[in-house]
Amino acid sequence: MAAVITAPPRAPEKRSRRRGGAAWARRLVFVIAGLYFLVPLYAAFRFAISTPDGGISGAVFAGIPAQEGFLDAITLTVRLAVISLVITLVLVVPTAVWVHLRMPRLRRVLEGVTLLPIVVPPVVLIIGVLEVAPPALKGTPDLLALVYVVLALPFAYRALDSGLQAIPLRTLVEASRSLGAGWGRTLVSVVLPNLRSALLAAVVLTVAMVFGEYTMASLDQYETFPVWIVVFQQANARVSVAVSLLALLGTWALLWLISLVDRRRPSPEDA
């Protein structure tokens, strides 16, 4: 009998071609996205360092702290960020943990409630707050910090909710309770260390929201960092653009720090 000779299958070759095409497509999308973000940033940086005579100088960045009102605006914004962050974490962390443990059916309800600050326009929210706020709070920036807590709820809750879904929360809590730890000790020593990345994400999102919110601060007549940028832009646009770039780079640095901390976290296999 004559032997039948068959051609080798070409499926591996086709799969390799598909993988190569997908890799090139991903690279193309990455390049387009990079240009979309980097070109405006480069244009802003070029505008900030340009001089009226057509030259280039980095003195605008060195002179930012000496600008009128800058330190006061930064101090006020940092104060509001700290107050808002502490209140937000104290409210959201125990609530999210308790809902995941005892009332999982209320997760959808809580998600809907935390979406309300995004649905309601900031102008409407701050006007309503100014109408019903106690007179003792109307003349202090603490009222603005309380409003920022409301605005930070959607971001902080979703960051913590994702972190709680990624860990065996019930197993960790039951193991801690069986060893004699109370609820406070369990939350501080067991739950929070496992939510390190989620907590850092909530912190960065809350701080970024405070440093970027303009409408409520301007209507409440407080010159926070974003309000100062808009007001100072009328006097010196180059300095305003330079400050905005530094704020954006600072936010990116914090996000990079979160990813770095998450990578260094030991995995269960390494324990």
Side-chain angles (χ1 to χ4, degrees), residues 61 64-65 67-96 114-118 120-123 125-126 129-130 133-134 136-163 192 195-233 239-262:
F61 290 96
I64 288 176
Q67 301 298 329
E68 182 181 358
F70 174 76
L71 294 179
D72 294 335
I74 283 291
T75 303
L76 176 59
T77 307
V78 170
R79 174 187 172 184
L80 294 174
V82 172
I83 296 175
S84 304
L85 182 61
V86 172
I87 297 177
T88 300
L89 293 181
V90 170
L91 290 177
V92 174
V93 173
T95 303
T114 55
L115 277 177
L116 291 178
I118 300 178
V120 180
V123 176
L125 184 59
I126 189 60
V129 170
L130 291 176
L137 287 176
K138 287 185 179 181
T140 65
D142 297 334
L143 177 63
L144 193 58
L146 296 178
V147 178
Y148 284 165
V149 171
V150 178
L151 293 180
L153 284 178
F155 311 105
Y157 175 77
R158 269 153 186 78
L160 293 171
D161 183 68
S162 300
L192 293 185
L195 292 176
R196 179 172 54 182
S197 298
L199 287 172
L200 287 175
V203 169
V204 171
L205 291 174
T206 302
V207 173
M209 186 276 302
V210 175
F211 271 79
E213 202 286 318
Y214 169 80
T215 304
M216 292 188 173
S218 61
L219 292 177
D220 205 10
Q221 298 182 357
Y222 282 103
E223 193 172 88
T224 57
F225 180 65
V227 176
W228 179 87
I229 290 178
V230 175
V231 173
F232 196 81
Q233 186 177 6
V239 175
S240 179
V241 172
V243 173
S244 301
L245 285 175
L246 291 179
L248 181 61
L249 292 177
T251 304
W252 284 358
L254 288 176
L255 293 175
W256 175 79
L257 180 62
I258 289 178
S259 63
L260 183 63
V261 170
D262 188 45

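For reference, positions follow the sequence shown, starting with 1.
For the residue pair Ala96 and Tyr157, the shortest heavy atom distance occurs at CB-CE1, 4.1 Å. In terms of heavy-atom proximity, Phe70 sits nearest to Trp228 at N-NE1, 3.6 Å. Between Ala156 and Ala202, the shortest heavy-atom distance links the atoms CA-CB, 4.0 Å. Looking at every heavy atom in both residues, Glu213 comes nearest to Thr224 through O-OG1, 4.2 Å. Of all non-hydrogen atoms in Val210 and Thr77, the two that sit nearest each other are CG1-O, 3.9 Å. The shortest non-hydrogen separation linking Leu71 to Thr75 is O-OG1, 2.7 Å.
The OG atom of Ser197 sits 11.5 Å away from atom CG of Leu160, with the distance rounded to the nearest 0.5 Å. The structure places CD of Gln221 at 12.0 Å from CG of Leu144, a figure rounded to the nearest 0.5 Å. Rounding to the nearest 0.5 angstrom, the gap separating the CD1 atom in Ile126 from the CG atom in Asp220 is 5.0 Å. The OG1 atom of Thr88 lies 6.0 Å from the CG atom of Leu153; values are rounded to the nearest 0.5 Å.
A donor-acceptor contact shorter than 3.5 Å links the side chain of Ser240 to the backbone of Ile229. In terms of modelled atom types and a separation under 3.5 Å, the side chain of Ser84 and the main chain of Ala81 share no donor-acceptor contact.
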(request) Start with the C-alpha distance between Leu76 and Tyr222, add both sets of side-chain angles, then the distance that settles side chain to side chain contact (heavy atoms under 4.5 Å, CB included), and finish with yes or no. (result) CA-CA 9 Å; Leu76 176 59; Tyr222 282 103; 4.2 Å; yes
(message) Please determine whether side chain to side chain contact (heavy atoms under 4.5 Å, CB included) holds for the pair Leu146 and Leu137, giving the CA-CA distance in whole Å, both sets of side-chain angles, and the decisive distance to 0.1 Å.
(response) CA-CA 10 Å; Leu146 296 178; Leu137 287 176; 4.0 Å; yes
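Side-chain contact between Val231 and Glu223 is present, with heavy atoms from C-beta onward closer than 4.5 Å. Annotation: side chain of Phe225 is in contact with side chain of Val243 (closest heavy-atom distance under 4.5 Å). Side-chain atoms of Leu130 and Leu143, non-hydrogen and from C-beta on, do get closer than 4.5 Å to each other. Between Leu151 and Ile118, every side-chain heavy-atom pair lies at or beyond the 4.5 Å cut-off. Looking at heavy atoms from C-beta onward, Val204 lies out of side-chain contact with Phe155 at the 4.5 angstrom threshold. Side-chain atoms of Met216 and Val227, non-hydrogen and from C-beta on, never get closer than 4.5 Å to each other.
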